[in-house]
Amino acid sequence: MHNIKDIRNDLDFFKKKLKERNTNIELNQLIEHDKNNRDLIQKKEKFEQEKKKLSKSKDPKNFSKSKDLTNKILQLSNEQKVIQEKINKFLSSIPNLALDDVPVGADEKSNKIIRKSGKIKKFDFKIKSHTELGQKYMDFDTAVKLSGSRFVVLKDKLALLERALINFMLDIHTKTFNYIEISPPLIVSEQTMFGTGQLPKFETDQYEIVSESSDDRKFLIPTAEVPLTNLFREDIVDVNNLPLRFVASTPCFRKEAGSYGKDTKGMIRQHQFYKVELVSLVDPNNCNEELERMLNCAEEILKQLNLPYQIVLLSSGDMGFSAEKTYDIETWIPFENKFREISSCSSCGTFQSKRMKTKFKSGKNTEFVGTLNGSGLATGRLMIALLENYQNKDGTISIPEALKKYMNNIEKI
């Protein structure tokens with residue numbers, strides 16, 4: 001979240017950077033609210049000073065004057081409260097600003113491919129989709145009866161594969177890269193969702209839990225980024241404890257609002273899916289370095305599974321709301337004959353920590369921490385990539401060498 005003082009002092013810069021983000025926000029109106037707010041504060045402070053002077057006098061004649069000032073102060077306070085709520089609403093809807101090395105563009109057409117890795121396999125038979133390959137263990141019809149569309153019931157070998165992939169990824173991130181594993185709550189508060197930027201702007205995409213009180217709103221997490229990043233909300237972290245690196249595997253719940261008609265078949269876009277999430281809290285000066293590290297951690301999964309992929313630097317108009325810089329990892333999906341996103345790794349700078357009020361202490365100074373998050377990886381999409389890239393002519397799926405010990409040493413599905 002941005003500071004109104006920063007916007008006030010460099011309005012043209014913010015207008016330019018928000019235009020790059022393909023965001024239409026009336027900053028002039030925000031500045032007008034800010035001016036009115038400061039005028040009200042000055043008037044209120046003037047009346048408070050007058051009342052303070054009167055209170056020192058014991059002259060009964062000043063009683064009515066003091067009472068009149070009290071009423072004026074109360075009225076100004078109420079007016080200022082309304083203006084401040086408008087300012088806060090504006091500020092909470094303004095996205096993070098893109099770093100200077102982020103490609104400027106309106107959408108994914110301006111994204112930049114950074115590098116490619118792995119060799120795309122050539123098949124000498126007709127390629128099958130993941131739904132064809134997994135039809136014995138993948139039940140969409142029962143899922144519709146249970147929950148509706150965009151859900152799936154996984155059975156037997158595919159249920160084992162899902163669990164195997166999760167354990168495989170967690171082992172790499174904890175043992176090789178020293179992330180601390182967390183098992184977080186799957187239900188979080190409104191304040192927690194606000195902290196990472198899901199609320200208020202993206203409320204329509206969230207699953208809210210019915211509550212008896214409107215003051216106690218709860219939501220199913222759309223990603224483990226939400227509870228992991230908020231672990232130190234409203235806390236001050238000792239600089240000697242940075243960086244803090246966490247990993248969690250959780251179900252994720254999303255309404256997929258605005259995606260109707262897209263990826264309606266199969267497991268590409270589900271309302272519920274598993275994902276292994278990486279989160280870092282760092283000195284903000286180290287955000288760029290940490291982003292490259294996180295990207296390498298996510299890449300390692302695909303390298304060990306020998307899956308072809310490419311790294312894409314997202315444009316200013318294609319990044320998430322809280323991000324200042326984002327890399328997508330896209331893996332090859334043979335049946336679609338194209339790369340599909342399997343991970344996003346983002347630096348958010350101090351944008352989220354300002355919303356969460358998370359700081360670190362260095363000497364006598366306190367500063368907002370830098371936050372980063374990344375998929376390490378999305379389990380469902382990783383399953384799709386494995387099924388399709390490791391398919392055989394007879395319809396079986398070979399198990400990658402690195403995964404066999406997690407699959408009870410079976411050779412094929």
Side-chain angles (χ1 to χ4, degrees), residues 20-21 95-105 108 110-118 169-181 196-197 223-225 228-229 237 239 241-248 275-316 318-331 339-353 358 360 367-378 381-382:
E20 291 177 0
R21 289 287 263 137
N96 203 351
L97 306 183
L99 296 180
D100 291 341
D101 60 342
V102 170
V104 175
E108 69 276 0
S110 299
N111 293 348
K112 182 181 178 182
I113 296 175
I114 302 300
R115 61 178 179 274
K116 295 189 177 188
S117 179
M169 289 187 281
L170 287 175
D171 277 354
I172 288 178
H173 294 312
T174 55
K175 295 178 181 178
T176 304
F177 299 116
N178 297 315
Y179 283 86
I180 299 171
E181 184 176 356
T196 39
T223 164
E225 170 203 344
L228 293 183
T229 310
V237 181
V239 67
N241 293 331
L242 297 179
L244 290 165
R245 299 184 176 114
F246 304 109
V247 61
K275 182 156 65 78
V276 173
E277 186 76 5
L278 307 172
V279 162
S280 298
L281 275 63
V282 302
D283 183 317
N285 294 314
N286 299 331
C287 279
N288 273 329
E289 180 184 345
E290 186 69 15
L291 179 59
E292 298 296 329
R293 182 189 188 276
M294 182 176 283
L295 180 64
N296 290 334
C297 295
E299 279 185 83
E300 184 62 25
I301 304 296
L302 294 172
K303 287 178 180 177
Q304 291 205 23
L305 295 176
N306 198 25
L307 288 169
Y309 66 90
Q310 65 182 21
I311 306 297
V312 179
L313 177 60
L314 299 195
S315 73
S316 55
D318 197 33
M319 294 193 304
F321 178 78
S322 298
E324 62 180 10
K325 183 177 181 179
T326 298
Y327 290 110
D328 270 6
I329 305 177
E330 300 176 344
T331 192
F339 288 96
R340 295 293 299 252
E341 177 200 336
I342 199 168
S343 170
S344 278
C345 295
S346 299
S347 170
C348 300
T350 58
F351 183 82
Q352 291 178 324
S353 62
T358 303
F360 71 98
E367 300 177 45
F368 289 104
V369 302
T371 65
L372 302 96
N373 63 81
S375 312
L377 306 161
R381 293 196 175 191
L382 184 54

Determine whether the side chains of [X] and [Y] contain a donor N or O and an acceptor N or O closer than 3.5 Å.
X: E324; Y: S347; answer: yes
X: K275; Y: T223; answer: yes
X: T358; Y: S353; answer: no

Could you walk me through whether N288 and K325 pass side-chain contact (heavy atoms from CB on, under 4.5 Å), step by step? CA-CA 9 Å; N288 273 329; K325 183 177 181 179; 4.2 Å; yes
Between [X] and [Y], which heavy-atom pair has the shortest distance, and what is it?
X: V279; Y: Y179; value: O-CE2, 4.2 Å
X: S316; Y: A98; value: CB-CB, 4.0 Å
X: K175; Y: N178; value: O-OD1, 4.1 Å
X: K112; Y: P103; value: CB-CG, 4.1 Å
X: V102; Y: L314; value: CG1-O, 3.4 Å
X: C345; Y: A298; value: SG-CB, 4.2 Å

Main chain of H173, side chain of R245: is a donor-acceptor contact present, judged purely on distance under 3.5 Å?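 No, because the side chain of R245 does not come within donor-acceptor range (under 3.5 Å) of the backbone of H173.
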Can you check whether A323's main-chain N or O pairs, donor with acceptor, with S346's side chain at less than 3.5 Å?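 It does not hold such a pair.
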Show your working on side chain to side chain donor-acceptor pair (under 3.5 Å) between S280 and E290 and close with a plain yes or no. CA-CA 8 Å; S280 298; E290 186 69 15; 2.7 Å; yes
Just how far is it from atom [atom1] of [X] to atom [atom2] of [Y], taken to the nearest 0.5 Å?
X: T331; Y: Q310; atom1: OG1; atom2: CD; answer: 9.5 Å
X: L170; Y: I172; atom1: CG; atom2: CD1; answer: 10.0 Å
X: C287; Y: L372; atom1: SG; atom2: CG; answer: 5.0 Å
X: S344; Y: E330; atom1: OG; atom2: CD; answer: 9.0 Å
X: L382; Y: I301; atom1: CG; atom2: CD1; answer: 8.0 Å
X: T326; Y: N96; atom1: OG1; atom2: CG; answer: 9.5 Å

Minimum side-chain heavy-atom gap [X]-[Y] below 4.5 Å:
X: I180; Y: T174; result: no
X: C348; Y: N373; result: yes
X: I114; Y: Y327; result: yes

Evaluate C297 against L278 for side-chain contact (heavy atoms from CB on, under 4.5 Å), listing each step before the verdict. CA-CA 9 Å; C297 295; L278 307 172; 4.2 Å; yes
Starting from the C-alpha separation in whole Å, work towards a yes-or-no answer on side-chain contact (heavy atoms from CB on, under 4.5 Å) for N241 and V239. CA-CA 5 Å; N241 293 331; V239 67; over 6 Å; no
I would like to know whether F177 and R293 meet side-chain contact (heavy atoms from CB on, under 4.5 Å); could you show each step before the answer? CA-CA 9 Å; F177 299 116; R293 182 189 188 276; 4.0 Å; yes
Hey, is CD on E289 packed in by over 12 heavy atoms from elsewhere, all under 6.0 Å?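 For E289, atom CD is not crowded (no more than 12 foreign heavy atoms under 6.0 Å).
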A quick test of your reading: do over 12 heavy atoms of other residues, nucleotides or ligands sit less than 6.0 Å from CG of D100?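 No, the 6.0 Å shell around CG holds no more than 12 heavy atoms from other groups.
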Side chain to side chain donor-acceptor pair (under 3.5 Å) evaluation trace for T229 with Q352: CA-CA 8 Å; T229 310; Q352 291 178 324; 4.5 Å; no
